[in-house]
Amino acid sequence: MQWFFLFFLVSGFCSILYELIWLRLAMAQFAVTTPLVSIVLSVFMAGLGFGSWLAGRWVGQWRGRLRFPALRLYALTELLIGVSGLLVPLELSWGRGLLEKLDNAHPLSSTAYYLAAGIWIALALAPWCACMGATFPFAMFAIEEKHGNESPRSFSFLYLANVGGAVAGAVLPPLLVELVGFRGTLRSASVLNFLVASLAFSLTVQASTGRVRAPSPQPEPTALAHPGEGEKNKLLWLLFGTGLTSMAAEVVWVRLFTPSIGTVVYAFATILASYLLATYLGSLTYRKWLKGLELNPSVWGMLGFATLLPLLATDKHVHTQGQVRVILGVLPFSAILGYVTPLLLDRISSGDGQRAGSAYAVNVLGCIVGPLLSGFLLLPAVGERASLCLLALPWFIAALMYGRSPASSSVQLGFRRSRRMAVSLAVAAVILLASTRSFEQRFRRREVRRDYTATVIATGEGRQRHLLVNGVGMTGLTPITKMMAHLPLAMLDRKPQNGLVICFGMGTTYRSMLSWDISSTAVELVPSVPSLFSFFHEDGAELLQSPKAHVVIDDGRFFLERTWEQYDVITLDPPPPVEAAGSSLLYSKEFYAIVKRHLRRDGILQQWIPSGDDAVMSAVAKALKESFPYVRVFRSVEGWGYHFLASMTPLPDTPASVLASRMPTKATTDLLEWGPASSAEQQFDVVLHYELPIDRLAQEAPSVNAMQDDHPVNEYYYLREKRAQWRKLWASLFGARN
């Protein structure tokens, strides 16, 4: 049995790793949008569920008929999973090429494109995910064959190991990506899968030759009775509900905890690792100490109350670090799920791989429905607090109703005591709701918009207005954002015809581009952001009515991939911080290759970078230098951050007076609206005075390569940061001795 624990420990690690990296690769190939993310995650979970169900059926058909050890079935699935780590990146790349050809031959609508992308993603991922789902029934079949008296609770045994590996799968991949990139990390996981497959197969060979005898197993304390049909259906509904609630709550958690933990990769890893670690502890509690207890109906009341704890953990009156907030809000809920999920599956399956496969598929189905329900219906309609209330309510009802079943008449606490506890927890939940406040209630003047992508808040007055997306400040009213449009447009030695703004934000850059009286397109990922244009600029609504104004809700990179338009200027300001998850897709060589196809021959790209360590600045500078023959870099008018201007033709050293003379009157007025200079010439002169050689920035970190999709230097920085801290500590100690 120890071998099975090891196998599923490694398998759980690899499965989470594949899920995270496949998602990121799909985003790079197709789009960084919520619909695309939903497609990938749904395909992944659907593959798991289908594989579990199908393998369970096969186990039922093959029981007593299989002519080779059942463990070989498991070894084969691990072998195929290992192959997936090598093939999926190629499959996704082939899919992108195929869609480009289709789109070029017959332009697809966004709906048609997503449909085609979804079909390809399903073809690319679902078979491999089905192999992952099949591991549980096949391993349980092998345990039943070799260790029959240990099989009644074999699912929880494997589940515990799988979740334990998943915890490592949430923590270690970011470190591997920093060292070897996405594809190198996938190859590492493939090696682990191949190793597991080899070990599992070798055990069957040794057992068949008689060289190894299995140790005498220790029997479980009691066998599990099969539930009746009515009880089984009730347990299946509970399994569906736990899957739905867990994944739906995760979507809400991202919005609730982001204001305190940020948007970097490690913040999301904190949520996932906390969830999985607590699930592991709950499963361990069931396996080690409470496996002999019956299912207590009051646990559903506890689950309902725990669903609401993130509201307390994120309340402004709770003064603690973001990571501690995550633990307080996530741990109780996840621990309860970690306890009840294997318990329910043990009760249903009693060690039978066929029943376990079908039941686990029901749980996975809930995991598919949950994020879709939460992200596309609950959050846009009612917000975070009400969403959690709606997710918690069924569990309070279950605590009251479950005990009415005759099958639960032997529950030690009894129906009446369970009902009293459920009522008490419901009262406590009402008190919790009444005593906590949502994040947006911190702002006296505010406008709030919610959609399937994010919760957007516009707040403040005068020049102190701010835009927050999921609680993270995006930008302010600053002349820097005006210069993002005016500087490259004035650099052209002819009248510009059109321009593109990627990342709408407050709309300041877009407004500045429109002041040149040219056709201006803005691409924004979050649908609610452009609707707040008038909050920041009084003429916002009027400007959007202009026939030259075009606003597109889409991923900027995805938009450029599919448009035929060419532009005089493309300006972008990726959402801060520079380390934000997914932001490298707007800084990489692959992105700049797309940009070049959509710039006119003398067109100019303006890339804004607010800050970054030496490695980040060097990686971006090298990516631009290797992509464009001509690149100039200027510090901003406020003395921080950099404007990178890149073009396929020379960018002449034009005086500030000439740049100012090229501007229309309306554009000049816009440029000077917030100063700091009193004339356009002086404003440009401040920026031109602080030009930096691109080679200087590129050599800040000589050993760092240019930013690429496969190796996002800005997003994965933990080891680099720790090495820098150790070097400083060593230098201080070494200096102290001398």
Side-chain angles (χ1 to χ4, degrees), residues 41-42 45-46 48-49 52-53 133 155-156 159 163 227-253 275-276 278-279 282-283 286 294-310 330 332-349 355-379 382 386-405 407-408 411 415 418-419 421-422 425-426 429:
L41 295 181
S42 296
M45 299 305 297
L48 289 180
S52 176
W53 173 81
F155 182 89
S156 60
Y159 184 81
V163 174
E229 192 64 27
E231 180 71 6
K232 177 184 175 183
N233 290 336
K234 185 180 297 183
L235 295 176
L236 288 174
W237 274 109
L238 291 171
L239 266 178
F240 175 82
T242 56
L244 184 152
T245 305
S246 63
M247 297 301 290
E250 282 193 51
V251 176
V252 181
W253 292 345
Y275 166 75
L276 292 170
T279 302
S283 300
Y286 164 68
E294 291 287 342
L295 182 61
N296 189 337
S298 63
V299 74
W300 307 121
M302 298 177 191
L303 180 59
F305 182 77
T307 304
L308 300 175
L309 283 178
V330 170
F333 172 86
S334 305
I336 294 171
L337 284 179
Y339 170 77
V340 300
T341 301
L343 187 155
L344 290 170
L345 278 152
D346 275 350
R347 286 285 303 275
I348 294 172
S349 68
R355 288 193 294 268
S358 299
Y360 189 51
V362 171
N363 183 256
V364 171
L365 179 61
C367 293
I368 297 172
V369 174
L372 300 177
L373 174 67
S374 183
F376 290 93
L377 181 60
L378 294 182
L379 283 171
V382 298
S387 293
L388 288 184
C389 290
L390 291 173
L391 292 174
L393 181 60
W395 297 113
F396 289 114
I397 297 174
L400 296 173
M401 300 301 296
Y402 184 85
R404 295 184 183 275
S405 169
S408 63
V411 175
F415 170 66
S418 298
R419 182 171 60 182
M421 180 175 289
L425 289 168

Compare every heavy atom of [Y] with every heavy atom of [X], then report the nearest pair and how far apart it is.
X    : Y    : answer
F396 : A429 : CZ-CB, 3.9 Å
S387 : L379 : OG-N, 3.6 Å
L276 : V163 : O-CG1, 3.3 Å
I336 : A306 : CD1-CB, 4.0 Å
S283 : Y159 : OG-CE2, 3.3 Å
Y275 : S334 : CD1-OG, 3.1 Å

Next item on the list: Start with the C-alpha gap between T279 and Y339, add the side-chain angles, then the distance that decides, and say whether side chain to side chain contact (heavy atoms under 4.5 Å, CB included) holds.
Entry: CA-CA 7 Å; T279 302; Y339 170 77; over 6 Å; no
Note to self: Counting the benzene-type ring for Trp, do W253 and F333 have ring centres under 6.0 Å apart?
What the structure shows: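 Yes.
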Notebook entry, point to check: With distance as the sole criterion, is a donor-acceptor pair present between the side chains of T307 and W395 under 3.5 Å?
Noted result: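 No pair is found: no donor N or O on one side chain lies under 3.5 Å from an acceptor on the other.
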Next item on the list: Tell me, please, which residues at least two apart from S52 pass side-chain contact (heavy atoms from CB on, under 4.5 Å).
Entry: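 Here the qualifying residues are P137, Y360.
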Show me the side-chain donor-acceptor pairs of residues 236-244 shorter than 3.5 Å, one per line, residues at least two apart or across chains.
from, atom 1, to, atom 2, distance (Å)
T242, OG1, L238, O, 3.3
T242, OG1, L239, O, 2.8
T242, OG1, N363, ND2, 3.2

Mind checking whether [X] and [Y] have side chains closer than 4.5 Å, heavy atoms only?
X    : Y    : result
M302 : M421 : yes
P310 : L388 : yes
L337 : T245 : no
C389 : L308 : yes

Please tabulate, for the side chains in residues 366-375, all donor-acceptor contacts under 3.5 angstrom to protein atoms that are two or more places apart in sequence or on a different chain.
from, atom 1, to, atom 2, distance (Å)
S374, OG, A248, O, 3.1

Rounded to the nearest 0.5 Å, how far apart are [atom1] of [X] and [atom2] of [Y]?
X    : Y    : atom1 : atom2 : answer
R355 : S349 : CZ    : OG    : 7.0 Å
S42  : M247 : OG    : CE    : 9.0 Å
F155 : D346 : CZ    : CG    : 8.0 Å

Note to self: Determine whether V251 and L378 satisfy the following criterion, side chain to side chain contact (heavy atoms under 4.5 Å, CB included), listing intermediate values before the conclusion.
What the structure shows: CA-CA 10 Å; V251 176; L378 294 182; over 6 Å; no
